[in-house]
Amino acid sequence: MAAEGTAETRRSLRLGDILVEQGVVTESQLRESLQYQKDTGARLGEALISLGYVTSDQLADALAWQGHYGLSVLAELLPSPNVAGLLTEKFCRARQVMPIDFNRSGAIVLAMVNPADVLTIDDVRLITGLEVAPVAATLGALGEAWDMVFSGRGHLETKTQAEEEKKGPTDRELAEYDTVVSLVEEILATGMRQKASDIHFEPQAERMIVRLRIDGVLHSLTEVRKEIKDGVVSRIKIMGDMDIAEKRLPQDGRATFSADGRHVDLRIASIPTVFGENVTIRLLDDLMFKVSLEQLGMGEDELAQFRKALKRPWGEILITGPTGSGKSTTLYAGLEELNRPGVKIYTVEDPVERRIPGIIQSQVRSNIGLTFASMLRSLVRSDPDIIMIGEIRDHETALIATEASLTGHLVLSTLHTNDAASAIARLTEMGLPAYLIASGLECVVAQRLARKLCSRCKETVTLTPENMSEEERDFLGVYQAVIAKAVGCNRCFNTGYSGRIGLFEVLPVGREIRRLILDHASADAIRDQAVEVGTKSLREDGRLKVLAGLTTIEEVQRVTA
């Protein structure tokens with residue numbers, strides 16, 4: 001097959017030869033297309049599409065495979081705001097091109113329907129004064145990029161020079177510049193499309209770096225020039241109803257943003273640094289939390305134990321893990337299963353991340369004294385069946401929650417601990433009596449999120465004693481295994497990963513664990529007992545998911561100890 005040829009072979013083949021050898025078109029269809037090209041003056045690719053013999057995606061794949069050019073799918077790889085305004089809309093549409101980024105050498109990466117159009121490449125070089133690196137793109141993908149960049153929301157053209165050079169603009173004036181407004185909105189929209197959980201605006205001496213956290217890992221998006229970086233921060237603070245004049249103290253804000261028919265809630269946090277204010281925006285999308293218990297990634301045994309705890313009429317269930325480990329998603333999945341007629345469910349959250357019909361949800365407001373503890377005191381007198389507390393942070397909240405679990409209520413909450421056994425030690429440190437913990441606690445779930453291998457490009461590898469490293473042998477505990485490794489493609493932004501999967505440690509609190517709690521046993525002793533009764537550690541659950549081809553050894557080691 002042609003797909004197995006060398007780079008020199010690929011470059012020597014013409015487009016028609018490639019399509020025939022790959023079985024996309026027949027010899028007769030190619031001859032007819034060549035005649036159509038001769039009669040109309042169209043390019044071969046246009047002729048093939050016009051006659052219905054290939055799709056635009058098949059044509060783009062063939063051009064990319066040919067080896068002369070890279071393939072850019074602009075429906076997934078979005079134009080960087082820093083380069084999108086280098087060419088006018090009229091020029092881009094007329095020449096069927098779109099600048100999408102700078103490469104490492106500083107050249108413009110120019111997406112083109114016809115990357116062999118040297119006249120257009122020369123014109124772009126003259127207009128911008130920069131070198132050009134052409135990549136192939138489909139006309140449909142370019143159309144989506146044009147609509148996105150040149151729409152009102154994605155408009156990135158600057159104000160007039162007189163406005164840009166206006167002396168001493170205030171922060172609010174800077175924040176209202178079209179350049180700043182469009183740039184902030186485009187960054188937010190890009191974050192949504194790339195399924196980022198957080199957007200980081202990081203001030204430096206001469207610029208501001210913008211990075212997206214995707215599947216738990218930070219990726220650079222763009223840079224904001226020095227002249228407008230203060231305006232970008234002010235614009236975000238205005239959106240979050242924050243004080244733009246206060247730059248010495250940390251602030252929090254909230255906003256809602258809409259793009260492409262979707263809505264996300266934004267949690268905004270600013271903190272002063274030596275180069276200006278650092279701003280972090282967390283994107284809270286309802287779709288993130290619409291996950292059933294089966295979709296969380298728990299093994300059969302762990303899911304059965306968790307469900308058994310959820311079915312109890314009273315008791316305390318704790319979900320533990322660091323920030324960003326998916327604790328809220330697990331809580332919401334549990335609430336969805338418990339939410340049925342005849343049951344009264346109250347939640348106390350900070351903030352309410354997802355609204356669920358049929359559940360009474362309240363938001364903490366510490367600035368007016370509405371804390372977790374004060375809300376809980378009222379809730380236990382409001383005849384609830386189930387109470388969900390966003391997080392147990394202090395002795396008072398922990399005490400009220402545990403006591404509620406002993407008086408006929410099922411209580412669900414979260415703690416920041418490294419594993420399930422450490423949750424018991426954490427409650428003790430908060431000052432809870434051992435007898436209360438032993439009596440109320442029913443189940444502890446520790447979890448992490450590991451990046452999931454991209455199903456399109458992952459590569460299956462057979463490990464044998466001859467090619468297995470010492471690290472792989474220590475992790476897997478076997479001398480032979482079939483696992484998958486990350487490769488990278490345009491669908492996963494060349495990371496090799498797409499989406500995330502949960503790693504879980506489910507510790508049911510049985511008779512032996514309760515005895516250890518009453519004896520003030522250490523977390524290590526509780527952990528050893530958990531292993532004896534069959535509890536899988538986070539690392540063990542990760543090992544099983546590696547053997548199942550869902551993630552990699554590197555990912556499990558990154559998120560577990």
Side-chain angles (χ1 to χ4, degrees), residues 195 214-217 291-308 319-322 324-327 329-330 333 417-422 443-489 491-508 527-561:
K195 299 179 181 178
I214 302 172
D215 294 335
V217 177
V291 177
S292 67
L293 287 179
E294 287 81 6
Q295 294 171 317
L296 290 174
M298 287 187 185
E300 289 185 11
D301 292 342
E302 287 73 25
L303 182 57
Q305 290 170 343
F306 186 45
R307 275 206 163 108
K308 182 179 179 181
I319 314 296
T320 76
S325 59
K327 298 187 298 296
T329 302
T330 301
T417 64
N418 291 327
D419 62 7
S422 299
C443 183
V444 184
V445 178
Q447 67 179 78
R448 298 290 188 278
L449 289 177
R451 288 186 294 173
K452 191 175 182 179
L453 280 164
C454 174
S455 59
R456 181 178 181 181
C457 66
K458 68 179 181 181
E459 181 181 280
T460 301
V461 177
T462 300
L463 299 179
T464 63
E466 290 74 26
N467 64 7
M468 183 182 287
S469 68
E470 193 67 34
E471 182 183 36
E472 290 170 333
R473 186 177 297 112
D474 289 343
F475 179 88
L476 296 172
V478 294
Y479 287 89
Q480 186 165 331
V482 178
I483 64 172
K485 295 200 172 184
V487 178
C489 65
R491 288 284 179 90
C492 61
F493 310 106
N494 291 313
T495 64
Y497 300 94
S498 179
R500 289 191 282 182
I501 188 168
L503 309 182
F504 296 92
E505 176 185 348
V506 179
L507 172 61
R527 198 174 292 118
D528 291 342
Q529 177 60 36
V531 171
E532 283 191 25
V533 297
T535 298
K536 294 186 184 74
S537 67
L538 290 165
R539 177 63 67 93
E540 174 63 15
D541 191 39
R543 188 184 75 86
L544 294 175
K545 288 181 168 68
V546 168
L547 292 171
L550 298 174
T551 188
T552 62
I553 294 173
E554 295 78 13
E555 265 303 288
V556 176
Q557 290 177 329
R558 182 178 68 86
V559 299
T560 65

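Quick note: numbers below take in every heavy atom, side chains included, and nothing from hydrogens, waters or symmetry partners.
- Within the 4.5 Å cutoff, the side chain of Thr330 has heavy atoms near those of the Phe306 side chain.
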Q: Check the pair Val556, Lys545 against side-chain contact (heavy atoms from CB on, under 4.5 Å), reporting the backbone distance first and the verdict last.
A: CA-CA 9 Å; Val556 176; Lys545 288 181 168 68; 5.9 Å; no
Q.
Under the criterion side-chain contact (heavy atoms from CB on, under 4.5 Å), I'd like the reasoning laid out for Ile483 against Leu547: C-alpha separation, chi angles, the key distance, then a yes or no.
A. CA-CA 5 Å; Ile483 64 172; Leu547 292 171; 4.3 Å; yes
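- The pair Glu555-Lys458 does not count as a salt bridge, with every side-chain nitrogen at least 4.0 angstrom from each carboxylate oxygen.
- When every heavy atom of Ala420 is checked against every heavy atom of Ala446, the shortest pair comes out as N-CB, 3.5 Å.
- If you check the side chains of Arg539 and Thr560, you find a donor sitting under 3.5 Å from an acceptor.
- Shown here for Asn418 and Leu538, the closest heavy-atom pair between the two residues is O-CD1, 3.8 Å.
- Taking the side-chain contact (heavy atoms from CB on, under 4.5 Å) definition, one finds that Glu294 meets it with Ser292, Leu303, Arg307, sequence neighbours left out.
- Just one of Arg527, Arg448, Gln447 meets the side chain to side chain donor-acceptor pair (under 3.5 Å) condition when paired with Asp419; it is Arg527.
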Side-chain atoms of residues 498-507: list all donor-acceptor pairs with protein atoms under 3.5 Å, sequence neighbours left out, distances to 0.1 Å.
none

Q | Residues Val559, Leu449; criterion side-chain contact (heavy atoms from CB on, under 4.5 Å); working and verdict | A | CA-CA 7 Å; Val559 299; Leu449 289 177; over 6 Å; no
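- Atom OH of Tyr497 is separated from atom OG of Ser455 by 14.0 Å, given to the nearest 0.5 angstrom.
- Side-chain N or O atoms of Arg473 include none that pairs as donor or acceptor with a backbone N or O of Tyr479 at under 3.5 Å.
- In this structure, Met468 and Leu463 approach most closely via the heavy-atom pair CE-CB, 3.6 Å.
- Judged purely by distance below 3.5 Å, without hydrogens or angles, the side chains of Glu471 and Ser469 never pair a donor atom with an acceptor atom.
- Closest approach of Ser325 and Pro322 over heavy atoms only: OG-O, 2.7 Å.
- In plain terms, the two heavy atoms of Ala486 and Thr495 that are nearest each other are CB-O, 4.1 Å.
- Taking OG1 of Thr535 as the start and CD of Glu302 as the end, the distance is 8.0 Å to the nearest 0.5 Å.
- No donor-acceptor pair closer than 3.5 Å links the side chain of Thr464 to the backbone N or O of Gln480.
- Listed here is the closest heavy atom pair of Ala333 and Leu293: CB-CD2, 3.8 Å.
- Note that NZ of Lys327 is 8.0 Å distant from OG1 of Thr320, once rounded to the nearest 0.5 Å.
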